[in-house]
Structures are given as C-alpha cells and as structure tokens.
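Ligands are counted one by one from 1 in listed order, and the atoms in each one are counted from 1 as well. Values in this document were obtained by computation on a predicted structure and should not be read as measured data.
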Amino acid sequence: MALDQNTLHQLLETASRFVRERLVPLEDEVAENDAIPADIVAEMREMGLFGYALPQEYGGLGLSMEEEVRLAFELGQTSPAFRSAFGTNNGIGGQGLVMDGTDEQKQRYLPRLASGEIVSAFALTEPDAGSDAASLRTSARRDGHNYVLNGTKRYITNAPEAGLFTVFARTDPDSTDARGVSAFLVEADTPGLSLGRPDKKMGQRGAHTCDVIFDDCRVPADALLGGVEGQGFRTAMKTLDRGRIHIGAVSVGVAERLIRDSLRYAMERHQFGKPIAEFQLIQAMLADSKTEAYAARCMVLDAARRRDAGENVSTEAGCCKMFATEMVGRVADRAVQIYGGAGYISDYSAERFYRDVRLFRIYEGTTQIQQLVIARNMIREAQA
Ligand code: COS
C-alpha cells in the first residue's frame with residue numbers, strides 16, 4: 001500500500017464528491033459539446049488525477065494497483081470520457097515509461113505527465129494491425145544519431161490533446177513479428193508528425209481519437225524507450241496487462257452507477273398501479289446486474305492485490321477485462337430495458353451509457369483477444 005488508510009479514505013471520498021458534485025451535472029453538456037470544460041481539467045490537475053498511478057518521486061501519487069482500482073470504482077461512476085482525460089497518463093500512455101524508460105527519460109517526462117502539463121498517448125494500433133499488434137508496419141530506420149519514423153497509427157486515444165506519444169515501430173525491417181518492434185517517445189511537435197481528423201465515435205463524446213501520421217519523422221536516438229531495440233512489444237503487453245485490470249475497475253464503477261439509477265427509476269416509475277420495482281421480472285434484472293457487478297468488483301480487487309504481491313497477472317488481467325466489460329454491457333442493456341421507452345431517449349443517461357460502455361469490450365484488447373490470452377496462458381502453464 002502506498003497510502004495510509006486515512007489518506008486513501010480521504011482520496012476516495014474527494015474523488016467520489018468530485019464525481020457527484022462536479023462531473024455528473026456536466027455529463028449532458030460534455031456529450032453535447034464533445035469537450036470537457038477547461039476548468040474541470042484544471043481541477044483534475046489540482047487533485048493529482050493526472051498522476052495517481054505514477055511514482056511519487058516524479059510527482060505522482062504512486063498508488064498501488066489495489067488503491068488504483070478502488071479509485072477507478074469511484075471515477076467510473078460518471079461518463080467514461082472524464083476518466084479518459086487523465087487515464088492515458090496513468091495507464092497506457094505513461095506506464096511504458098515507468099516500467100521500461102531510462103532514468104533520463106523518466107526525469108524528462110514523468111513530472112510533466114504527473115502534473116497534467118502534458119497528455120500522453122499510446123500509439124500501437126494501425127490501419128492493418130489491430131488485434132494482431134505484432135504485425136505493425138510503422139518503421140523506425142536508424143540514421144546516424146536519429147531514427148526516422150514512417151507509418152500511420154489509428155484510433156489513438158487522446159491524440160488530439162497529446163504532447164507525448166509512445167510509438168511502437170519496427171526497427172528490424174527483416175522481421176515480421178514481435179521481435180522487431182521497438183518503442184519510441186515522440187513529442188507531438190516533432191516535424192513529420194501530423195494528426196488526422198478526429199474520429200466520429202459511437203459514444204464517449206468528450207474523449208477524442210484520431211490517426212497519427214509519421215512522414216519521415218526524425219527523432220533523436222535517445223527517444224528509443226529504455227535505450228534498447230526489440231523490447232517494444234513486450235513493453236506494450238506489460239502496459240496492457242496493467243491497463244486491463246484498470247478497465248475492469250472502470251466497468252465496475254459504471255455498472256454500479258447504472259444499477260443505482262435503474263433501481264431509483266424502477267422505484268419511482270408506476271405501472272399497473274404500483275412501482276415497477278415491485279414486479280418480479282424487473283427484480284430479476286436488478287438482481288442479475290447487482291450480482292454480476294459484485295462478482296466483477298471482487299475479481300478486479302483480487303487481481304490487483306495479486307499484482308501488488310508481485311504475481312504475474314496476465315491471465316487474471318484478461319479475466320477481469322473480459323468479465324467486467326461484458327458484464328457492464330449486460331448491465332447497460334438491462335438498464336435501458338428497465339427504463340423502457342425512456343431508456344431509448346437521450347434525455348436519460350441510460351441511452352448514453354449504453355453507447356459509452358460498448359467501447360470497453362473492444363479497446364485495450366477485444367473480448368476475443370482476452371479469451372485467447374487466457375487460454376494460451378492456461379495451456380502454457382499446463383505444459384510447464
Ligand atoms: N507480458 C510480457 N511479455 C509478453 C506478454 C505479457 N503479457 N505477452 C506477450 N509477451 C511477449 C512474449 O513473451 C513474446 O516474447 P518472446 O518472443 O521473447 O518470448 C512476445 O511478447 C510476443 O508474444 P506472443 O508470441 O504472444 O505475440 P503474438 O503476436 O502471438 O500476440 C496477442 C499476442 C494477440 C496477445 C497480442 O498481439 C495482443 O494483446 N493483441 C491485442 C492488442 C491490443 O490490446 N490492442 C489494443 C490497442 S491499445 S487501445
């Protein structure tokens with residue numbers, strides 16, 4: 001545990017109040033404008049939210065995985081776009097640097113990530129390399145004291161806001177698999193780096209993705225993460241293992257919010273002369289959602305504790321990501337069903353959350369990739 005119980009309790013309380021009093025009232029506005037107000041981003045910075053999972057020595061809060069998931073349970077209780085604003089710095093955008101960066105690279109970037117001065121993004125996916133991430137084609141050719149990057153990255157979360165990209169590119173042109181992939185820290189204003197138009201997404205408005213294009217983009221040799229070629233894919237996988245537990249925790253938070261909202265609605269809405277919450281078919285939906293969200297909460301906490309204890313949690317991370325994201329999809333579907341006609345109308349939050357949570361089953365590894373990771377690990381362990 002990085003924090004004493006009192007400090008952790010205070011942090012969770014503050015986050016919960018921030019969500020209830022500041023973020024929930026802004027959900028519709030953010031969805032409408034596709035932007036998070038600047039004063040809210042400033043408050044997030046002041047609260048330390050851009051660096052909760054980054055080491056204290058670089059200005060972060062240095063939360064353990066268990067503390068982080070407990071924070072994510074709170075932060076998940078509102079539109080996922082809010083969490084996305086600082087999520088990449090703590091997660092896929094910042095953890096490669098924390099895990100594998102050189103001291104100099106950490107010194108240069110982590111304090112600015114932790115303070116929220118810059119936003120980071122994780123540039124792995126390409127037009128032709130999604131689930132098969134190791135087949136990526138973006139190249140990084142060594143040229144004297146530089147590398148020259150060429151290629152296109154796709155659906156990159158926070159790219160429009162990012163000041164720093166962790167870019168995965170092939171340094172060994174003769175390779176076609178994971179071994180030839182290296183990671184680079186590329187600043188957004190590097191000549192040769194440009195952005196595509198923001199993507200028009202199904203949901204999570206207020207969080208932005210777009211293409212990142214590298215056209216003879218020249219970076220100094222010390223932009224190579226960790227100073228070692230060929231380690232990039234491993235860095236990406238380790239980062240995603242961690243991120244998958246986090247997404248599981250956010251899914252639990254959203255599910256708990258949806259359950260609370262649909263329970264309240266069911267108790268207020270009258271049909272056939274009584275609140276619909278008194279009908280057993282509505283009760284069955286509420287009970288199923290409650291049970292599944294509770295199971296996911298327990299799972300996520302267990303995986304986080306195991307990771308804190310130093311266990312390899314690649315399998316458990318996959319289990320959490322798969323179960324919790326599928327769970328919140330079912331919970332959102334039941335929420336719409338309980339709201340009935342109102343659930344299909346955008347005046348009620350169920351409709352928005354239904355679209356927002358769909359992404360959880362796709363990014364940071366689809367459900368099908370989690371199944372593959374879990375089963376492959378099971379077979380490997382059985383053979384050992
Ligand atoms: N931690 C550390 N290293 C890992 C790892 C992990 N969790 N998973 C794999 N590796 C290492 C392997 O040990 C292997 O290294 P060695 O050759 O030195 O042993 C290397 O990485 C390649 O692994 P593997 O052979 O398993 O790679 P595959 O090409 O078969 O792909 C999957 C593995 C499918 C699991 C991977 O491509 C993946 O996770 N895809 C989904 C990508 C994703 O989540 N995209 C979302 C983008 S971010 S929003």
Contact bool for [atom] (protein heavy atom, d < 4.0 Å):
atom                    : value
atom 36 (C) of ligand 1 : yes
atom 22 (C) of ligand 1 : yes
atom 30 (O) of ligand 1 : yes

Using a 4.0 Å cut-off to any heavy atom of [X], which atoms of ligand 1 qualify?
X    : result
D241 : 1 (N), 6 (C), 7 (N)
V373 : 35 (C)
F122 : 48 (S)
A178 : 22 (C)
A134 : 29 (O)
S314 : 7 (N)

> Of the choices A133, G130, S131, which has the non-hydrogen atom that lies closest to atom 40 (N) of ligand 1?
Replying inline: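 Shortest heavy-atom distance from atom 40 (N) of ligand 1: S131.
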>> Is there a path of hydrophobic side-chain contacts, each under 4.5 Å between heavy atoms, that joins I92 and L113?
In response: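 Different clusters: I92 never reaches L113 through Ile, Leu, Val, Met, Phe, Trp or Tyr contacts under 4.5 Å.
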> Is F165 reachable from V119 through a run of hydrophobic residues whose side-chain heavy atoms are each under 4.5 Å from the next?
Replying inline: no
For [atom], what is the closest protein heavy atom, and at what distance to 0.1 Å?
atom                    : value
atom 46 (C) of ligand 1 : G365 N, 3.6 Å
atom 6 (C) of ligand 1  : M237 CB, 3.5 Å
atom 47 (C) of ligand 1 : T125 OG1, 3.5 Å
atom 27 (O) of ligand 1 : F233 CE2, 3.7 Å
atom 28 (P) of ligand 1 : R376 NH2, 4.1 Å
atom 13 (O) of ligand 1 : R234 NH2, 3.9 Å
atom 49 (S) of ligand 1 : E364 N, 3.3 Å
atom 2 (C) of ligand 1  : K238 CG, 3.7 Å

>> Salt bridge check, D288 against R330: does any charged N sit closer than 4.0 Å to a carboxylate O?
In response: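 Salt bridge absent between R330 and D288.
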> Does atom OH of Y265 have more than 12 heavy-atom neighbours from other groups under 6.0 Å away?
Replying inline: yes
> CZ of F279: more than 12 outside heavy atoms within 6.0 angstrom?
Replying inline: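 Count over threshold, so yes.
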Side chain or backbone of [X] under 4.0 Å from ligand 1, or both, or neither, by non-hydrogen atoms?
X    : value
Q370 : neither
Y155 : neither
L240 : side chain

> Can you find a non-hydrogen atom of R380 under 4.0 Å from ligand 1?
Replying inline: no
Side-chain touch [X]/[Y], heavy atoms, less than 4.5 angstrom:
X    : Y    : result
R242 : M99  : yes
Q105 : L97  : yes
I345 : E351 : no

> To the nearest 0.5 Å, how far apart are OH in Y339 and OG in S349?
Replying inline: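 Output value for this atom pair is 5.0 Å.
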> So, for R355 and M202, which heavy atoms are closest and what is the spacing to 0.1 Å?
Replying inline: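 Scanning both residues, the minimum pair turns out to be NH1-O, 2.8 Å.
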> Is there a donor-acceptor contact under 3.5 Å linking the side chains of S131 and Q368?
Replying inline: no
>> If we count only N and O atoms by modelled type, under 3.5 Å, do the side chains of T209 and D199 hold a donor and an acceptor together?
In response: yes
> Between R179 and ligand 1, does any nitrogen or oxygen pair lie at a separation below 3.5 Å?
Replying inline: no
> Could K153 and F214 be counted as a cation-pi pair, given that NZ or CZ must be under 6.0 Å from the ring centre and within 45° of the axis?
Replying inline: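 Because its charged atom misses either the 6.0 Å distance or the 45° angle limit, K153 does not stack over F214.
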> Can the ring centres of Y109 and Y58 be said to be less than 6.0 Å apart?
Replying inline: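 Ring centres of Y58 and Y109 not closer than 6.0 Å.
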